[in-house]
Every structure is written in structure tokens, then in C-alpha cells.
S.K.: 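Just passing along the structure, written as C-alpha cells.
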2 protein chains.
Amino acid sequence: MVDIRQLRYFITVAETLHFGRAAQILHVSQPPLSRQVQALERDLGVTLIERNSRHARLTASGERFLDEARGVVAALDQACRNAQLVAAGSLGELRIGFMMHAAHSSLPPIVKRFMEERPEVDLQLKETLPSEILDQVLRGDLDAAITFGQGAVKGLAIEPILREPLILAAPDDHPLAGRGPITPAMIAEEGLIVTPRIVAPPLRAAIDSYFAAGQAVPRVRLETQLQHTIISLVAQGIGIALVPHSMARLGTRGVRFASLDEAPEIEHALVWRTDNRNPALPFFTRLGGLGRA
Amino acid sequence: MVDIRQLRYFITVAETLHFGRAAQILHVSQPPLSRQVQALERDLGVTLIERNSRHARLTASGERFLDEARGVVAALDQACRNAQLVAAGSLGELRIGFMMHAAHSSLPPIVKRFMEERPEVDLQLKETLPSEILDQVLRGDLDAAITFGQGAVKGLAIEPILREPLILAAPDDHPLAGRGPITPAMIAEEGLIVTPRIVAPPLRAAIDSYFAAGQAVPRVRLETQLQHTIISLVAQGIGIALVPHSMARLGTRGVRFASLDEAPEIEHALVWRTDNRNPALPFFTRLGGLGRA
DNA sequence: ACCATGAATACCTTTTCTGCATCAATCGAT
DNA sequence: ATCGATTGATGCAGAAAAGGTATTCATGGT
């Protein structure tokens, strides 16, 4: 059976056209070299090197085979190097899930740094509903994810990376827009636009706790999944909303923000399976601290 | 050192994720298989298969390496097959030179058939001056060539493939145009357009012999290398010419042809080095007979 | 806790590879 | 034309590697 040693031997002989010199280069003696090339030719059933006891030169088959053999050897070396790079976490792919609330806050600095440090790792970002994210991590569809902080889950590592307060988002012609700490009573009568409970339970819990602390009951006017849609509806004057502080950075026209009195906080956390053996994963999770920036 | 056997073993184990079954498929017993995979991992310094005594599954490096190892094995198999195809003359390249006079006569049928029979051979056609063609064959720049027939040359095989008479080419308003056998005396006073002697000695020799047989002396008005140019100049009424019969097939406007009395003939021949070992060459030279068509 | 399964290890046999010595063929010089 | 130098091939013995059988070790399910 043709093997790599035979290819390496043949390539060297083909390059020097001299069995003795090739043997020196390969650090073997000449007889085994001759025999290996013979064995290769016998296996192929093809004469690759035409040789009399004085000269050696390639046949047409030999020229062709030299070319392709070089490719095979190079591909093998590359494969070995790549396997090592993958094991070192410098090459490969990493599937990261994130809830939309992380897109403007904790996610970007982590992703940016990771891509700088591990440019050869194919980072696959998948925006997912918070309610589905844990399942996907547990199933192994995601290597890691950024979602809301929560209690321990068996088999998962959960590392908090960001706490941010909720703030009030109101149309810019609204009397409370831009004003100081807002108490629950001040907005209890307003129509509220919120994310459905099923989509982001911790966010709804934070909103509920805020109103509960002021003995108020929020009036939900509309539910919609995407944060951007909520902001957009606020800008249209359809209602007000309580949103994570990072939404204020977007500078959407027609919306102004105001801090809340005793503002509830939501927590972002990095989550991954403790038995996930993707070598690139530790280099991602160790960046969790950047989420605070 | 990593070798092909290790790759094949690893691939089979990776595909079955079961050392025992893989060993059956490979027709070896399980212990050597385990040892080869271990050796591979030791050489790479990387764990490819995570295994306890119950289950086996690939690591990230293993997945990657499986992919690339398959490529390496496939490339090797392909290289072996191609070497055999080249040796059989079914793959490779063949450099064929030809004089322009062959382009409309002996060359096309040979080339057409060869391309049908050996579609994977890269046929490189190089139009060359007859005066240079033998040197290129002797130097090895060409595997074979079609040129004028001539005496034996040491180291070359020369096989005649076509004899064709010269004919008169004249402007279509010329009194001799289209007429019967032309004797030398009938055109001795006309201005003649010819190829330079150095470019195609046998052609000039044929023309000379024609006039010499009639005790006439041609009046050369113009010399130019390419046959097409000669025909074109004739069409313009600049002169007449004696050209190979195959030129009549072109049907150039403004030119008519007439046969010559005791017409001299020129011979086309296939030429190649007898020591040329290009396996595709015999399949080309054996088609020489088609040149007569 | 025990049993069945599957991979690793121990040990021996067989095969293959290497190196040394030598042979054979070719080319150049005399 | 002959001889010597060069270079690839061959014969043989020792070394290394691969394979096979028997057995052990670890794990997951009952």
C-alpha cells in the first residue's frame, strides 16, 4: 500500500534526480531509498523515474505524480497543523447565542476582543429568544450564550457579566421625558409597551417588581417581542416602556429617557455547558468581564 | 511520523465511533487499531477521539482532522490513479507543432480524432515556421509536429501523411483563372507571390522545379510568410501564386484556382523523436493515416 | 453490586525496513 | 577499445514495527 514515506522519498529523489544525494537529505542510506521508490512504482504499476546506473529522470507519469504527491504531503502537514491549532483553540468554530438585549451592551465588546485574539475561529452569532437560549446550550446547539442571569442549572456554568438598571422610555413630547427619578405612581396610568412574559421572564419580573414596590399596577397596552419595535412604537407616541439602560445609547429620534426611582436591575450572564470541550470556548468565556464595559 | 495507514484507520474509527467494528471493516484486530490511533494522537500531540471504555466520540480537533484526512486520502488515491492514466496515455499533455500549410489539410482530422479518443490529454497546438519545426522537436519543445516531408534525420521518426499538388491561385478576373492545366510558360511573365525560401524550403523547391521543368524563370514580385496573406494579396490583383491544393478549399472571394501541368507535389509528414517517452504520443502518431483524408 | 461491553495492555510472532557489503551497468578519459 | 569512477540495484543479517491472541481494566446498565 502506498504510504507517505514513499511519497516523501520519491519527492526528494525527483527533486535531486540522484538517489545518493536524496538519501543524504533524507538521512537514510541509498539502498532502502531505492527499494522504497521501487515499491512505490510496483504498487502503482507505473514507472515514475527512468534510471540507468548513471542518470535518473522523470517520466511523464513521474512529473504528474511529483506534482500531486507534493500536494498530498502539503495537505497532510496542513491537516496536522490545523488539528493542533484547533486543540489550542486558535482555529475552529464557536457558536454563540445571545438575546437581543445583549446586542447593544454586553455582547459587542466581548465579540470584538475575541475576534482580535482568535481571528481564525469562526464565530457564529445567533440571536435567539431568551426563553429558548438555555435549551439550545444544553442541547449543544450553542457553545455559549448571553442571556439573563438566573439561578444555577445542573451542567451549566453561569457567569454574571453585566447589571444594568431599567429606565423609562417616553415620546419626546411627553411631560416626563428627560426628567429625574420616576416613581411607579407617576406612570402607573400610562399605557405600557412590554415584551411578552414568555419571551423574557426576568425582564417582566423586573418591571413587575418595580410597580409592586410602589403599590401600583402597570397598564399593559401592547406586547411585542423585539426591543427595537418597542422603542419605535414609543417614538410614535403609542405608549411608554421600561427598557434596559443600554437602549438609551441608540439615540432613536422621537424618544427620550428618564431614570427610575429605585430602579430594578436586570443581569446579563454568560452561560455554557461545563462539559463542553470546544477548545476555543475558554478563550471566549474568560472575556466575560468585558461585558461590564 | 504520521502515515497513510494511520489516517485510514482513524477515518474508519471516526466514522463508526467503535474500535471493534472499525477493526472488522479494516480486516485487522482491535488492539493494533487502537495502537495506531494512539500513535497518531501521540505524533500530533492532540487527542482526536475522546473515549472511555464505553463510548467514543470525536473532539473538535478530531472533527477537523477527519475532514482533512479524508481529503488527503482522496488526493492520494487520485494521484495514484492519475499516474496510471498518464502512463496509459489517457491523461497528460501533448505539444504538437505544425506548419501553417497543415492547418487546412492534414492537421484537422488528426486533431479531431485524437481529441475524441483522448479527451483528457491536453493537446497544445503551436503553429510554427517549417524552418524551425525540426529543431523544436529535437530540443524536446514539441512532442510531435507536422511539417514538410524530408529525408531521414537521426533520432527522428518521419512518417509521410499527405501528398498534395500545387495549384495556381489567380485573381478571378485573370484570363487563366479557372482554366485547365497551366504550363510554366503560360505564367512565367506574371508577378509571383511566394513564401521566403528560408521559411519553407521544400515549397520553394517545388515551385522552382515546376518552372525549371518548363525552362522558365519565375518572376518573384513579393515575398511574405503566411499563406493567408498570399491568397489575400492575390485576391487584390497584386499577383499570382502557386499554393498547396488544400488552399482552394477556403473559398476566398476574388481568387480562383487552376491546376498545373505536371504539378509538383509537396509532402506533409508527422515527425517525432524516437526516444520520446510521452505515453500519449503513440496514440497521436498512429493517427497519421487520417492526414490523407 | 454485578454483569456485559468495549477499549487498553502484555506478550509473542510475523512482517517490513534499514544498513553494510557487494554487484552491475554506464560514462568519460586515456 | 579499455579502464576506472560513479551510481543505482541486490543479498543478507539485524532491528524496528505491525499484527494477533489472551487478558485486564473501566464504564454503564440492570
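Heavy atoms only: backbone and side chains are in, while hydrogens, waters and symmetry mates are out. Sequence lines set the chain letters: A, B, ... in the order given, protein chains first and strands last, and positions in each chain run from 1. Note that the coordinates shown come from a computational prediction; the quantities given were computed from them, not determined experimentally.
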S.K.: I need the CE-C1' distance between A:Met1 and C:dC17, as an integer number of Å.
M.R.: 18 Å

S.K.: Suppose we screen for side-chain hydrogen bond (donor to acceptor under 3.5 Å, both in side chains). Which residues come up paired with B:Glu15, at least two apart in sequence or across chains?
M.R.: B:Arg70

S.K.: Kindly check if the number of other-residue, nucleotide or ligand heavy atoms within 6.0 Å of CG (A:Leu125) is above 12?
M.R.: yes

S.K.: Run the side-chain donor-acceptor check on residues 143-150 of chain A: report pairs under 3.5 Å with partners two or more places apart or on a different chain.
M.R.:
residue: A:Asp143; atom: OD1; partner: A:Arg95; partner atom: NH2; Å: 3.2
residue: A:Asp143; atom: OD1; partner: A:Asn276; partner atom: ND2; Å: 3.0
residue: A:Asp143; atom: OD2; partner: A:Arg95; partner atom: N; Å: 2.9
residue: A:Asp143; atom: OD2; partner: A:Arg95; partner atom: NE; Å: 3.4
residue: A:Asp143; atom: OD2; partner: A:Asn278; partner atom: ND2; Å: 3.3
residue: A:Gln150; atom: NE2; partner: A:Phe148; partner atom: O; Å: 3.0

S.K.: Please list, by residue number, the residues of residues 30-45 of chain A whose heavy atoms come closer than 4.0 Å to an atom of DNA chain C; answer none if no residue qualifies.
M.R.: A:Pro31, A:Pro32, A:Arg35, A:Gln36

S.K.: Which two nucleotides bound the region of DNA chain D that has atoms under 4.0 Å from heavy atoms of chain B, read 5' to 3'?
M.R.: D:dA18 to D:dG28

S.K.: Are a donor atom and an acceptor atom from the side chains of B:Asn82 and B:Gln84 found within less than 3.5 Å of each other?
M.R.: no

S.K.: Tell me, please, which residues at least two apart from A:Gln136 pass side-chain contact (heavy atoms from CB on, under 4.5 Å).
M.R.: A:Thr128, A:Glu132, A:Arg139, A:Asp141, A:Leu142

S.K.: With heavy-atom distances below 4.5 Å as the criterion, would you say the side chains of B:Thr59 and B:Glu63 are in contact?
M.R.: no

S.K.: Within a radius of less than 6.0 Å around CG of B:Leu17, do more than 12 heavy atoms belonging to other residues, nucleotides or ligands occur?
M.R.: yes

S.K.: Between A:Phe114 and A:Phe283, is the gap from one ring center to the other below 6.0 Å?
M.R.: no

S.K.: When you measure from every atom of DNA chain D, which of residues 2-23 of chain A have a heavy atom less than 4.0 Å away?
M.R.: A:His18, A:Phe19, A:Gly20

S.K.: Taking 4.0 angstrom as the limit, do A:Arg51 and A:Glu41 come out as a salt bridge?
M.R.: yes

S.K.: For A:Arg8, does the CZ atom sit with more than 12 other heavy atoms under 6.0 Å from it, leaving out its own atoms?
M.R.: yes

